[in-house]
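To start, the structure under review is shown below, and the notes come after it.
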There are 2 protein chains.
Amino acid sequence: MSIVQRRTTIKDVAEAAGVGVATVSRVLSGGSASPETRERVLAAAARLDYRPSALGRNLRQQRTGGIGLLVPDITDSFYARLTDGVLSCARSYGEPVTIGVTGDDPEREAELIGTLIEQSMDRVIAVPSGDGEMWAPALRAGLNVVFADRKVRADVPGVVADDRAGVGIAVEYLAGLGHRKIAFLARYGQSQRVAAFTDTLTSLGVPVDPELVVHARASRDSAYATAAGLLQSRPDLTAVLTGGNILGEAMVLAARELGVRIPRDVSLIMFDDVPWAELCSPPLTVIAQPAQDVGYRAAELVLRQGRRPRTVTLPTELIVRASCGPRR
Amino acid sequence: MSIVQRRTTIKDVAEAAGVGVATVSRVLSGGSASPETRERVLAAAARLDYRPSALGRNLRQQRTGGIGLLVPDITDSFYARLTDGVLSCARSYGEPVTIGVTGDDPEREAELIGTLIEQSMDRVIAVPSGDGEMWAPALRAGLNVVFADRKVRADVPGVVADDRAGVGIAVEYLAGLGHRKIAFLARYGQSQRVAAFTDTLTSLGVPVDPELVVHARASRDSAYATAAGLLQSRPDLTAVLTGGNILGEAMVLAARELGVRIPRDVSLIMFDDVPWAELCSPPLTVIAQPAQDVGYRAAELVLRQGRRPRTVTLPTELIVRASCGPRR
DNA sequence: GATGCTCATGGAAACGATTCCATCATGGTT
DNA sequence: AACCATGATGGAATCGTTTCCATGAGCATC
């Protein structure tokens, strides 16, 4: 019962078919061979249930098939959906995906890059933390990298959601409801979204109050603390925009805890549409991002070689539910 | 700039240190060597930034390090947290994790097992779909498998939550509130939980109505359709237990759509505690499962070899919020 | 001084695939 | 009949590592 049988190798198939190993390899990888030989080899391979070893092939070809995927946090619905998109595309190419979570920590990210290089992974999709400087050696080593969700280096192709447009529409919507004191609860590293936020405010003639832009670290705890701190220190604000679903969750929780009613006391718009946004009380108005598509397109980009660095921007959409009201 | 430098190999290090490759290998993997040689080799390796190729090693050693992980759906918060647990444990061992989603489809699962075998993965954690028969060849091939969340084969060690106890406490709680017509909205394959459900009912002297146990497929669509169908066909029910968070989400949505008020019209308990359960209106009473721990323990089990098949059962907990009330 | 033991060391085989290259048969052309 | 082009085929090299085994040096013992 615990007798482990040796793996069937190409040599076994060659022997069974009465041909050389080179011929087997050619037949199986679509090279030229006479019809009868082809048939004999195929029959032998099927009979022995032969599966070529990816190890042998990869070593010879000097490249590991497969994709490395680095995300900050797999329990965050956004990255889970992004991952799902990557997996979905990779599956259609038959490529395995190796995943790592960085926790938004550049040091851990560098460590994971090292592991990927050891595995001879030559294709990586990453949501980079920090400024992406630790990618320089990997790029020099010929690694094929695509960034997802965040664009931090010009020399690496990327797939991002159009957060500039999303933030713009959301802020205009809030301003249209009469709000002037609008806060932005951001995660560190969301400079793009913050910039879009202040730009839109100034273009609408609303003065920018730097104290209304606050930053949290990636964890739920930090998000909650920052949200609560914002609500307490600035009771005059009337609307909040959060830079992600974890931050939105924290804001709803903090508001409830502090007796701040949504949308009566403050209006809330959350970046990223998640299934529970509709179940929330009140249902949350959100900026939807095509998380799955971001992952899928990134995988396409990294699998289809030979493109030069380019950035793909995917559309965002404001979905109005019930978490925003007129200025009180 | 686009000059790709060749990978530094053990041969380069050997040359730089003026020793043979065998010595380098020995030094780097902790074998015996004279102190001065050791130092020379270490210095050369550091200077050249040498990283041993996992490919070469794995081929020689006939085993791929790393863990394969097969889950039904990575966007399901439960499996995302389970995955996080696996990754967390694997990281402390420095092992990469290759992930695949089965969509709860045995065929796709079999396909993914094939991919893992091609990669010479010898350690796999899986949430099996179906009865796990497709694992037989893999087990014969010496694959080291651990099942998580579901136990379907006696010859494979597993880590599961104590759903029997969880369902028991939940049903007792509902019965204590006076409910007699309690429905169970399950996913196909949750026979364990269904059995616990009916067992508990009979032990409480509540007659079991087979029509009140309904099954949905794994998708959100199927979950919603089944939930809505249940509410419409059985307006006499007063409480519902759902077998997972996707099903709970669907039930809340369907109830809202059909004007069924929770907990006024029907009480609801959901299996699995998720962050949004607290944000929901009303906040949901749930059976919490240690999803992360399930993954972590499974990874421990698969990484620490040499244990004989055994099942680890982790505790569940009823968390009372506001989705249950007395029988109307 | 010869023998035996320990220890460091390096050459070479092995892992399983792909691929270069030489060989050989076949068939068509001169 | 001699020659060349074409195509199928298999042997052998190769990828980077680990590990077996032989070699040789150093040292102690008889």
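Lettering follows sequence order; numbering is per chain, from 1.
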> Any idea which of D:dG11, D:dT18, D:dG16 is nearest the B:Gln61 side chain?
Replying inline: D:dT18

>> So, does B:Ser25 get its side chain near the phosphate of D:dT18, meaning an N or O under 4.0 Å from OP1 or OP2?
In response: yes

> Side-chain donor-acceptor pair under 3.5 Å between A:Thr64 and A:Gln119, yes or no?
Replying inline: no

>> When you measure from the side-chain N and O atoms of B:Thr37 to the phosphate of C:dT9, is any distance below 4.0 Å, counting only OP1 and OP2?
In response: yes

>> For the CG atom of A:Asp293 and the CZ atom of A:Arg81, what is their distance to the nearest 0.5 Å?
In response: 10.5 Å

> Any salt bridge between B:Glu133 and B:Arg153, counting N to O under 4.0 Å?
Replying inline: no

> Looking at D:dC20, C:dG16, D:dG10, which one has an atom nearest to any side-chain atom of B:Leu59?
Replying inline: C:dG16

>> Students often get this wrong, so: under 4.0 angstrom with heavy atoms, is A:Gly20 touching a base, only sugar-phosphate, or nothing?
In response: sugar-phosphate

> How is B:Ser29 classified with respect to the nucleic acid when contacts are heavy atoms under 4.0 Å: base, sugar-phosphate, or nothing?
Replying inline: nothing

>> Ignoring hydrogens and geometry beyond distance, is a side-chain donor-acceptor pair present between B:Thr37 and B:Ser34 at under 3.5 Å?
In response: yes

> Do the side chain of B:Arg60 and the base of D:dT18 come within less than 3.5 angstrom through a donor-acceptor pair of N or O atoms?
Replying inline: yes

>> Between A:Thr23 and D:dA8, is there a contact of a side-chain N or O with OP1 or OP2 at under 4.0 Å?
In response: no

